[in-house]
Amino acid sequence: MERVRKTVALGITDFSDIISRNVFYVDKTYFIKDWYNSADQVTLITRPRRFGKTLTLSMVETFFSNQYADGSYLFEGLSVWEDEKFRDLQGKFPVINFSLANVKQKSYESMKSVIRMLLAELFDRHSYLLKSEKLSESEKEDFLSISQRKAGDEECMHAFRFLSRCMYEHFGEKVIILIDEYDTPMLEAYTAGYWMETPPRQSSAAERAANEGNASRLGGAEEAIEYTRRMFHAAFKDNPYLDWGLMTGITRITQESIFSDLNNPRVVTTTVDMYQTCFGFTEKEVFAALEDYDLSERKGEVKYWYDGFQFGSRKEIYNPWSILNFLSEKCLKPYWMNTSGNALVGKLVREGSLKVKDEFEILL
């Protein structure tokens, strides 16, 4: 009987879609156990682009969220389901899952506008709360203000805390908050010029006249920093309704600028041993996939082309995007190369200090 291979699907970041459609998937559900058992209240994990961060947060949401209380079938046969303790945890918690991936604006005001829009979409997904008898009429009015994009800056900066309060009052359980690509607004702001380590210097009258049409971009440094800091502070520190928090991104923004008010979140960068194999494919997983797709004879080529990442002390980590594309096309190409822009690198090379440029030279 001929073996039926699963379709290799590209670009799906929704865990339930992957499992329901029965497409190729490498089991990473053990991350759920590792993260839960760590007992860290707030965790920040940084990984390069196209390493499954968004899919991981979707997986975590699908497992814990009470909106997936009937979703146990999605995890049957996967590693997390082998532990009876975790079977009892599936679908038991209120979960907020929010992505900042699309906050790529070129001015501070535009940044706020898009965040306001994304918050409205988030609140719309939880509109069932408007029917809750446990929320007051004033809370429902405040809820509508955000969902209808009428809320001011203060309300938006405290939106995660407010939503978690409403969910806690409705469900009687503390909330898990997941934030994907937490650093996108800051990276875009830095490359656009309105995110700075220090406030902009006083400009001359001639410079002010020349930049008059660009004032919002040049003058938003302090405001952008404060807005982002207060948003994360309200979500992860000044929030009695928070159970656990998990953030992902590609870079670690210095704690002095963003996380200075938080109580020492667990920061897991690419140099830390925690969650080494939870993002990306190990060589064992890659070679098993090649065998499943009758590509065993190409192991050497694939290793030569795509084995180049190390997380913590664990070497031989492969980029999933490259491997999935290779399994689909069976052609060796630099698939990962064009998955993102290089604006940040270009800005650092042009404007970075001598120390930064020396470090780039060592890397190259």
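In what follows, every heavy atom counts, from backbone to side chain, and hydrogens, waters and symmetry copies are set aside.
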Novice: Does S132 use its side chain to pair, donor to acceptor, with the backbone of K134 at less than 3.5 Å?
Specialist: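 Yes.
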Novice: About how many Å separate CZ of R47 and OG1 of T270, when rounded to the nearest 0.5 Å?
Specialist: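 Between atom OG1 of T270 and atom CZ of R47 there are 6.5 Å.
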Novice: Ring centroid separation for Y128 and H126, is it under 6.0 angstrom?
Specialist: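 Between Y128 and H126, the centre distance is under 6.0 Å.
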Novice: Could you walk me through whether V60 and V95 pass the side chain to side chain contact (heavy atoms under 4.5 Å, CB included) test, one step at a time?
Specialist: CA-CA 9 Å; V60 171; V95 176; over 6 Å; no
Novice: Return the CG to CG distance between L100 and L118, rounded to the nearest 0.5 Å.
Specialist: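 CG of L118 is found 7.0 Å from CG of L100.
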Novice: Output yes when a side-chain donor or acceptor of Q276 lies under 3.5 Å from a complementary backbone atom of C278, and no otherwise.
Specialist: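 Looks like no, no N/O pair under 3.5 Å.
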Novice: Any non-hydrogen side-chain atom of D34 less than 4.5 Å from a side-chain atom of M274?
Specialist: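 D34 vs M274: side chains apart.
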Novice: Tell me, yes or no, whether the heavy-atom count around R21 atom CZ, taken from other residues, nucleotides or ligands under 6.0 Å, exceeds 12.
Specialist: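 For R21, atom CZ is not crowded (no more than 12 foreign heavy atoms under 6.0 Å).
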Novice: Spell out, as yes or no, whether a donor-acceptor pair under 3.5 Å connects the side chain of R49 to the backbone of I250.
Specialist: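 A pair under 3.5 Å: no.
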Novice: Determine, for R230 against E154, whether the closest basic-nitrogen to carboxylate-oxygen distance falls under 4.0 angstrom.
Specialist: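 The answer is yes: the pair qualifies as a salt bridge.
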Novice: With respect to L246, which candidate in I45, D40, L44 satisfies the side chain to side chain contact (heavy atoms under 4.5 Å, CB included) definition?
Specialist: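 Among I45, D40, L44, the one meeting side chain to side chain contact (heavy atoms under 4.5 Å, CB included) with L246 is I45.
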Novice: Do F98 and F160 have their ring centres less than 6.0 Å from each other?
Specialist: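 Under 6.0 Å, so yes.
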Novice: Main chain of G52, side chain of T56: is a donor-acceptor contact present, judged purely on distance under 3.5 Å?
Specialist: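 Yes; judged by distance alone, with no hydrogens or angles, the pair exists.
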Novice: Is there a path of hydrophobic side-chain contacts, each under 4.5 Å between heavy atoms of I/L/V/M/F/W/Y residues, joining Y30 to W81?
Specialist: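 The answer is no; the residues belong to distinct hydrophobic clusters.
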Novice: NZ of K92: more than 12 outside heavy atoms within 6.0 angstrom?
Specialist: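 Yes, the 6.0 Å shell around NZ holds more than 12 heavy atoms from other groups.
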Novice: For F75 and F63, I'd like to know if the aromatic rings sit close, meaning centre-to-centre distance below 6.0 Å.
Specialist: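 Yes - the distance between ring centres of F75 and F63 falls below the 6.0 Å cut-off.
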Novice: Could you go step by step and tell me if S58 and T62 meet the side chain to side chain contact (heavy atoms under 4.5 Å, CB included) rule?
Specialist: CA-CA 6 Å; S58 176; T62 305; 4.1 Å; yes
Novice: For the OG atom of S164 and the NZ atom of K174, what is their distance to the nearest 0.5 Å?
Specialist: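 The OG atom of S164 sits 10.5 Å away from the NZ atom of K174.
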Novice: Is it the case that over 12 heavy atoms from other parts of the model lie below 6.0 angstrom from the CD atom of E297?
Specialist: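 Atom CD in E297 is crowded, with more than 12 foreign heavy atoms closer than 6.0 Å.
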Novice: Taking the side chain as every heavy atom from C-beta outward, state whether F287 and L290 have any atom pair closer than 4.5 Å.
Specialist: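 Side chain of F287 against side chain of L290, heavy atoms only: contact under 4.5 Å found.
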Novice: Could you walk me through whether E84 and R87 pass the salt bridge (Lys or Arg N to Asp or Glu O under 4.0 Å) check?
Specialist: CA-CA 5 Å; E84 188 173 347; R87 295 181 192 177; 5.8 Å; no
Novice: How about K85: does its NZ atom have over 12 heavy atoms from other parts shown lying under 6.0 Å from it?
Specialist: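 Count over threshold, so yes.
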Novice: Would you check, one step at a time, whether the test side chain to side chain contact (heavy atoms under 4.5 Å, CB included) holds for I32 with M59?
Specialist: CA-CA 8 Å; I32 295 169; M59 175 186 72; 3.9 Å; yes
Novice: What I'd like to find out is whether the side chain of F123 reaches to under 4.5 Å of the side chain of Q148, using heavy atoms alone.
Specialist: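 The answer is no; the side chains never approach within 4.5 Å.
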Novice: Please step through side chain to side chain contact (heavy atoms under 4.5 Å, CB included) for the pair V80 and Y36, ending with a clear verdict.
Specialist: CA-CA 11 Å; V80 70; Y36 180 87; over 6 Å; no
Novice: Could you tell me if the side chain of R298 sits less than 4.5 Å from the side chain of L332, heavy atoms only?
Specialist: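 Touching, per the 4.5 Å side-chain cut-off.
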Novice: In this structure, are over 12 heavy atoms from other groups packed under 6.0 Å from Y304 atom OH?
Specialist: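 Check fails, neighbour count at 12 or below.
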Novice: Step by step, would you call T29 with S79 a side chain to side chain donor-acceptor pair (under 3.5 Å)?
Specialist: CA-CA 6 Å; T29 58; S79 63; 2.8 Å; yes
Novice: I'd like to know whether the aromatic ring centres of Y306 and F281 sit less than 6.0 Å apart in this structure.
Specialist: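 No, they do not, as the ring centres are separated by 6.0 Å or more.
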Novice: Going by heavy atoms in the side chains, are K330 and L295 under 4.5 Å from each other?
Specialist: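 Side-chain contact under 4.5 Å: yes.
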Novice: Please evaluate residues E291 and K299 with respect to the criterion salt bridge (Lys or Arg N to Asp or Glu O under 4.0 Å), reporting the C-alpha separation (whole Å), side-chain torsions for both, the decisive distance (0.1 Å), and the verdict.
Specialist: CA-CA 9 Å; E291 291 171 5; K299 288 180 181 178; 2.7 Å; yes
Novice: Are the side chain of K28 and the backbone of G280 linked by a donor-acceptor contact shorter than 3.5 Å?
Specialist: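 Judged by distance alone, yes, a pair lies under 3.5 Å.
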Novice: Without swapping roles, check the side chain of N22 against the backbone of K6 for a donor-acceptor pair under 3.5 Å.
Specialist: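 No; judged by distance alone, with no hydrogens or angles, the pair does not exist.
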Novice: Compute the centroid of each ring, for F279 and then for F51, and state whether the two points are separated by less than 6.0 Å.
Specialist: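 When the ring centroids of F279 and F51 are compared, they turn out to be at least 6.0 Å apart.
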Novice: With rounding to the nearest 0.5 angstrom, report the OG to CG distance, S147 to L163.
Specialist: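 It is 11.0 Å, given to the nearest 0.5 Å.
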Novice: Hey, does D17 have a side-chain heavy atom less than 4.5 Å from the side chain of V23?
Specialist: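 Side chain of V23 against side chain of D17, heavy atoms only: no contact under 4.5 Å found.
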Novice: State, with a plain yes or no, whether a side-chain heavy atom of Y318 is found less than 4.5 Å away from one of E285.
Specialist: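 Contact flag for Y318/E285 side chains = no.
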Novice: Before you tell me yes or no, could you show the steps for K284 and E316 under salt bridge (Lys or Arg N to Asp or Glu O under 4.0 Å), namely the whole-Å CA-CA distance, both residues' side-chain angles and the distance that decides it to 0.1 Å?
Specialist: CA-CA 9 Å; K284 181 179 179 180; E316 298 177 332; over 6 Å; no
Novice: Between F311 and T277, is any pair of side-chain heavy atoms under 4.5 Å apart?
Specialist: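 Not touching, per the 4.5 Å side-chain cut-off.
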Novice: Might you work through the salt bridge (Lys or Arg N to Asp or Glu O under 4.0 Å) test for R116 and D153, ending with a clear yes or no?
Specialist: CA-CA 9 Å; R116 184 177 290 108; D153 291 349; 3.2 Å; yes
Novice: More than 12 foreign heavy atoms under 6.0 Å from OH of Y168: is that the case here?
Specialist: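 No, OH of Y168 has 12 or fewer neighbouring heavy atoms, counting only those of other groups under 6.0 Å.
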Novice: In this structure, would Y241 and F93 fall into the same cluster of hydrophobic residues linked by side-chain contacts under 4.5 Å?
Specialist: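 Shared cluster, no.
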Novice: How about Y275 and W35: are their ring centroids closer than 6.0 Å?
Specialist: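 No.
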Novice: In terms of relative ring orientation, are F236 and F232 parallel, tilted or perpendicular, with 30° and 60° separating the classes?
Specialist: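 Geometry flag for F232 against F236: parallel rings.
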Novice: Is the distance between the ring centroids of F64 and W244 less than 6.0 Å?
Specialist: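 F64 vs W244: aromatic centres under 6.0 Å.
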Novice: Please round to the nearest 0.5 Å and tell me the distance separating atom CG of D88 and atom CG of D83.
Specialist: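 So the CG of D88 and the CG of D83 are separated by 9.5 Å.
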Novice: Could you state the interatomic distance from CG (L119) to CG (D124), rounded to the nearest 0.5 Å?
Specialist: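 One finds 11.0 Å between CG of L119 and CG of D124.
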Novice: Has K315 got more than 12 heavy atoms of other residues, nucleotides or ligands less than 6.0 Å from its NZ?
Specialist: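 No - once you tally the heavy atoms of other residues, nucleotides and ligands closer than 6.0 Å, there are 12 at most.
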Novice: Consider only side-chain heavy atoms of I, L, V, M, F, W and Y, link residues closer than 4.5 Å, and tell whether L130 and M167 are in one cluster.
Specialist: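 Same cluster.
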